[in-house]
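All remarks here apply to the structure that follows.
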Amino acid sequence: MMQPDLFGTARPDVLLSAGALFLPDFARAQVGRLHAHIQSIAAGSPFRHMLTPGGRCMSVATTSCGSFGWTSGRGGYRYMAFDPETRQAWPHMPPIFRELAYQAAARAGFAEFRPDTCLVNRYAPGARLSLHQDLDEGDMNAPIVSVSLGLPAVFLWGGAERRDPRRRITLCEGDVMVWGGDSRMNFHGVEPVQAAAGAGEHGACRYNLTFRKAR
DNA sequence: AAGTTTCT
DNA sequence: GAAA
């Protein structure tokens with residue numbers, strides 16, 4: 001254990017579906033450190049707007065840290081061991097990132113989660129992520145852990161099929177979502193981020209950390 | 001294919 | 001939300 005009580009939550013957990021747990025405020029006490037690490041990661045592997053396989057520019061800007069990074073392009077979605085922009089390894093995953101993912105997964109019933117990649121998404125106002133499934137990972141037994149920072153956003157939580165009804169959940173700074181098991185393939189997305197009335201402490205963007213086991 | 005616009 |  002790194003240190004006790006780094007993470008925790010005042011508000012109660014919310015079970016969304018089997019294997020899907022919303023942990024409000026779970027990372028709230030560490031958001032300053034998490035933002036600082038995002039800045040360091042972006043200094044090594046800058047945020048960039050990738051193209052979808054269809055050739056459209058994503059509204060979300062992405063980078064990664066860890067052993068692999070998620071990439072998208074004409075050739076499809078891929079996890080790569082090297083950043084194709086810098087031609088160097090992705091920045092290392094900070095220990096506090098690993099610990100956060102580990103503790104959140106354990107709380108949701110997924111023991112011993114050892115993510116090998118963390119996708120870092122930056123949502124400027126207007127950016128969104130249309131409904132999709134996470135299908136590119138080699139280990140579907142491992143859950144997904146998602147950490148929200150900066151501006152709030154409405155998260156869409158759907159079911160195993162695209163036509164299934166969706167629940168709209170506002171995710172705020174420090175909130176954590178975990179899904180795996182029977183919910184691992186559920187459709188999900190993010191509605192367009194609204195600009196904040198007042199400038200936030202860490203800039204007027206939403207950031208999201210997504211931890212996965214790519215291989 | 002992790003988009004976008006338009007119509008209903 | 002559906003359609004293109």
Side-chain angles (χ1 to χ4, degrees), chain A residues 16-17 19-20 22 38 41-42 45-85 90-91 93 97 101 115-140 142-171 175-180 183-195 205-215:
Chain A
L16 297 174
S17 55
F22 173 33
I38 289 172
I41 290 163
S45 278
F47 284 104
R48 79 293 305 261
H49 293 271
M50 293 181 180
L51 297 179
T52 66
R56 302 290 176 82
C57 184
M58 291 179 67
S59 59
V60 174
T62 67
T63 185
S64 289
C65 66
S67 300
F68 304 98
W70 184 87
T71 62
S72 177
R74 289 284 192 176
Y77 307 137
R78 286 177 62 191
Y79 281 101
M80 301 182 74
F82 293 88
D83 180 347
E85 293 283 317
W90 299 96
M93 193 185 297
F97 279 30
D116 57 12
T117 177
C118 173
L119 174 62
V120 185
N121 284 156
R122 185 185 66 196
Y123 297 72
R128 54 168 290 174
L129 210 52
S130 63
L131 206 66
H132 68 279
Q133 296 168 293
D134 290 2
L135 298 175
D136 309 308
E137 295 71 33
D139 184 358
M140 293 299 182
I144 309 277
V145 174
S146 166
V147 180
S148 294
L149 296 165
L151 294 182
V154 175
F155 182 70
L156 302 171
W157 179 246
E161 300 191 45
R162 186 175 282 276
R163 64 173 180 269
D164 289 340
R166 274 101 73 169
R167 194 162 159 182
R168 298 170 79 255
I169 299 153
T170 298
L171 296 181
D175 289 348
V176 177
M177 283 278 311
V178 182
W179 65 94
S183 296
R184 176 62 178 75
M185 315 289 238
N186 279 33
F187 280 86
H188 56 281
V190 179
E191 290 193 351
V193 169
Q194 301 298 123
C205 286
R206 173 181 193 248
Y207 294 89
N208 183 72
L209 309 176
T210 310
F211 297 91
R212 305 187 180 95
K213 188 87 172 69
R215 300 197 183 167

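So you know, we letter chains A, B, ... as the sequences are listed, proteins then strands, and number each from 1. Note that the structure is predicted; figures quoted are calculated from it, not measured.
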Whole angstrom value for the distance that separates [atom2] of [N] from [atom1] of [X]:
X: A:E137; N: B:dA1; atom1: CD; atom2: P; answer: 18 Å
X: A:Y79; N: B:dA1; atom1: OH; atom2: C1'; answer: 14 Å
X: A:L156; N: B:dG3; atom1: CG; atom2: P; answer: 12 Å
X: A:Y77; N: B:dA1; atom1: OH; atom2: C1'; answer: 4 Å
X: A:M58; N: B:dT4; atom1: CE; atom2: P; answer: 9 Å
X: A:R74; N: B:dA1; atom1: CZ; atom2: P; answer: 12 Å

If you count heavy atoms of other groups shown closer than 6.0 angstrom to CZ of A:R78, is the number above 12?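 Counting other residues, nucleotides and ligands, CZ of A:R78 stays at 12 neighbours or fewer.
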Close N or O pairs between protein and nucleotides 1-3 of chain C (under 3.5 Å):
unit_1, atom_1, unit_2, atom_2, d
C:dG1, OP2, A:R166, NH2, 3.4

Check every strand shown and say whether A:D134 touches a base, only sugar-phosphate, or nothing at a heavy-atom separation below 4.0 Å. base
With a 4.0 Å cut-off on heavy atoms, is A:S72 in touch with a base, just the backbone sugar-phosphate, or nothing at all? nothing
Can you sort out the partners of A:R74 under side-chain contact (heavy atoms from CB on, under 4.5 Å), two or more places apart, ordered by chain and number?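 With sequence neighbours excluded, A:R74 shows a side-chain contact (heavy atoms from CB on, under 4.5 Å) to no residue whatsoever.
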Going by the angle between their ring planes, with limits at 30° and 60°, are A:W179 and A:F155 parallel, tilted or perpendicular?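 Aromatic pair A:W179/A:F155 classed tilted.
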